[in-house]
Amino acid sequence: MLPSCCRRDCEIESSIQAWQRLRASDALLKRLHLTMASLPLTHSSTSLTHSLHSLHHRPEAMAPARAHHLLACLLASALLAAATPVTGGGLMTDQLEVLFGQTQLLNDSNGDQTIALTLDRVMGSAFKSKTSYLFARIDMDIKLVADDSAGTVTTIYLISEKDWNTHDEIDLEFLGNVTGQPYTLHTNIFANGEGGREVQYRLWFDPTQDFHTYSVIWNPDEILILVDNMPIRQFKNHLDSGVPFPIYQPMRLFGCLWDADDWATEGGRIKTDWSQAPFVAYFRNYTADGCVPSSYAWVCGQGPASSSDWFDRGLDDVKQQQQLREAQDKYMIYNYCNDPKRFPDDTPPAPDQLGIMRYLKNMGPE
């Protein structure tokens, strides 16, 4: 059983932090008013404007975490009202843009494309999506660096692109190893500039022999990370308890292969063997079913272009709930909640006092 801090994935904030967010609410309100001003005049946008007006004049009547939660959700709603569903598919180069490095584009006889990222002593390589998404399901097939890949990191991640101090990010990092050892999948989630939510897994197959599908589902309720459509991590939205969650900033997908031998393999003890270079990782079948900011009002994930129920899905399926528990029991090798250096007395950070009853009542899995 996970320690108590993991019941909120260690994200409950202090009352001081909550009040700091409340003091910043005026800036958030201004951003939301600007967003609302750019929306088509609809019943939804009018209702949001009324809610804003009421909240702007009575913020002191609300608990700090709840006020921040409502502000963030209103902003997300405003952005969603101006979002159009976009579904991926087609050629990789239709959706992805090469950034740097010796990146190869491989075409097979069926017209399918594979991107090969390379790493040598001089530099790594990277690509990014041409589109930013406000909530999405992202799928990518990856074949990782084979043989001695110690010191290398193959990464796909979603990240917002404005103020770094308040950025959001969802990381999947594959840490290289010495030949014959299992790969480590290192996951982390940043919200409002706060990270440190690392959870690691040992992959239960050889990811260098064939392609496997790695997925991120990001919607207003939760973030799910899946391997071959098997959920391994669930990060729920607990904004009502003062826990930061990516809710209003669009994020762009990046993929890269880079050298991180100062920490990647056994904490940096094993360094990159450059005699094995160039290192190569392969990416194919990128699909993105998400929403992008636009000038047209649309409910995110509900339009004719949407191909799944990712926007409002949860782990209601009994089989997937069992898979999630299995992944945590069998394959999880590090959870920062269990780190005695970070939580030596096995207690969670203190919740804000105004929300303490809600915290105790709603305490549940990550």
Side-chain angles (χ1 to χ4, degrees), residues 92-93 95-106 113-130 132 138-161 164 167-179 181-190 193 195-203 206-208 211-216 225 227 251-286 333-334:
M92 296 278 280
T93 48
Q95 302 178 76
L96 301 175
E97 175 185 345
V98 173
L99 289 177
F100 59 83
Q102 299 182 36
T103 303
Q104 304 175 53
L105 185 62
L106 310 176
Q113 292 181 327
T114 298
I115 291 179
L117 295 184
T118 63
L119 168 68
D120 58 26
R121 188 182 288 272
V122 176
M123 68 186 309
S125 52
F127 59 79
K128 69 175 182 179
S129 64
K130 295 181 179 180
S132 294
I138 304 293
D139 297 276
M140 180 80 82
D141 292 353
I142 306 175
K143 185 178 179 181
L144 296 176
V145 177
D147 301 323
D148 187 351
S149 59
T152 71
V153 177
T154 305
T155 306
I156 55 170
Y157 62 100
L158 289 161
I159 190 170
S160 59
E161 298 178 285
W164 175 258
H167 86 285
D168 298 333
E169 184 175 346
I170 304 170
D171 293 335
L172 280 72
E173 299 180 312
F174 301 89
L175 310 185
N177 54 31
V178 179
T179 302
Q181 295 178 330
Y183 253 88
T184 296
L185 170 54
H186 175 97
T187 69
N188 198 0
I189 296 170
F190 287 75
R197 301 178 176 94
E198 302 92 344
V199 180
Q200 293 183 344
Y201 305 85
R202 285 276 194 250
L203 294 180
D206 186 346
T208 71
F211 286 89
H212 291 265
T213 304
Y214 305 92
S215 309
V216 174
I225 296 175
V227 177
M251 291 194 277
R252 187 183 304 275
L253 178 89
F254 287 79
C256 62
L257 175 58
W258 52 294
D259 175 40
D261 70 0
D262 57 332
W263 67 273
T265 305
E266 297 189 18
R269 188 180 67 84
I270 300 179
K271 302 300 183 181
T272 303
D273 181 0
W274 292 110
S275 69
Q276 303 293 319
F279 303 98
V280 184
Y282 300 92
F283 301 76
R284 72 180 187 188
N285 293 339
Y286 169 67
I333 59 171
Y334 175 82

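Under the rule for a salt bridge (charged side-chain N to carboxylate O under 4.0 Å, His left out), the partners of Arg252 that lie at least two apart in sequence or sit in another chain are Glu161. Checked against salt bridge (charged side-chain N to carboxylate O under 4.0 Å, His left out), Asp148 has no partners two or more places apart in sequence or in another chain. A search for side chain to side chain donor-acceptor pair (under 3.5 Å) contacts involving Asn188 returns nothing, not counting sequence neighbours. Take Thr184 and apply the side chain to side chain donor-acceptor pair (under 3.5 Å) test, not counting sequence neighbours, and it matches Arg202. Annotation: ring-ring contact (aromatic ring centres under 6.0 Å, His included) contacts of Phe190 (sequence neighbours excluded): His167. With sequence neighbours left out, His186 forms a ring-ring contact (aromatic ring centres under 6.0 Å, His included) with Trp263. Here Gln104 pairs with nothing under the side chain to side chain donor-acceptor pair (under 3.5 Å) rule; sequence neighbours left out. Contacts of Glu198 classified as salt bridge (charged side-chain N to carboxylate O under 4.0 Å, His left out), with partners at least two apart in sequence or in another chain: Arg342. Listed by chain and number, the residues in a side chain to side chain donor-acceptor pair (under 3.5 Å) with Thr114 amount to none (sequence neighbours excluded). In this structure Tyr282 satisfies the ring-ring contact (aromatic ring centres under 6.0 Å, His included) test with no other residue, sequence neighbours excluded.
The closest side-chain donor-acceptor pair between Asp147 and Thr179, if any, does not fall under 3.5 angstrom. Looking at Tyr183 and Thr208, their side chains never bring a donor and an acceptor atom within 3.5 Å of each other.
Sequence neighbours left out, the pairs with a member in residues 115-124 that pass side-chain hydrogen bond (donor to acceptor under 3.5 Å, both in side chains) are Gln102-Asp120.
Separating the CZ atom in Phe283 from the CD1 atom in Ile115 is a distance of 8.5 Å, to the nearest 0.5 Å. Lys271 contributes atom NZ, which lies 9.0 Å from atom CG of Asp259 (distance to the nearest 0.5 angstrom). Rounding to the nearest 0.5 Å gives a distance of 5.5 Å between CG of Leu158 and CD1 of Ile138.
In terms of heavy-atom proximity, Leu117 sits nearest to Leu257 at O-CD2, 3.4 Å. Summarising the geometry of Gln181 relative to Glu266, their closest heavy-atom pair is NE2-OE2, 4.0 Å, with the distance given to 0.1 Å. Across Trp258 and Glu173, no two heavy atoms sit closer than the pair CZ2-OE2, 3.8 Å.
Looking at heavy atoms from C-beta onward, His212 lies out of side-chain contact with Leu203 at the 4.5 angstrom threshold. Ser149 is not listed as a side-chain neighbour of Phe174, based on a closest heavy-atom distance of 4.5 Å or more.
Screening Val216, Leu253, Thr213 against Met140 for a side chain to side chain contact (heavy atoms under 4.5 Å, CB included) leaves a single residue, Leu253.
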Quick one: side chains of residues 274-281, donor-acceptor pairs under 3.5 Å with protein atoms, not counting sequence neighbours, listed by atom name and distance.
residue : atom : partner : partner atom : Å
Ser275  : OG   : Asp273  : OD1          : 2.6
Ser275  : OG   : Asp273  : OD2          : 3.2

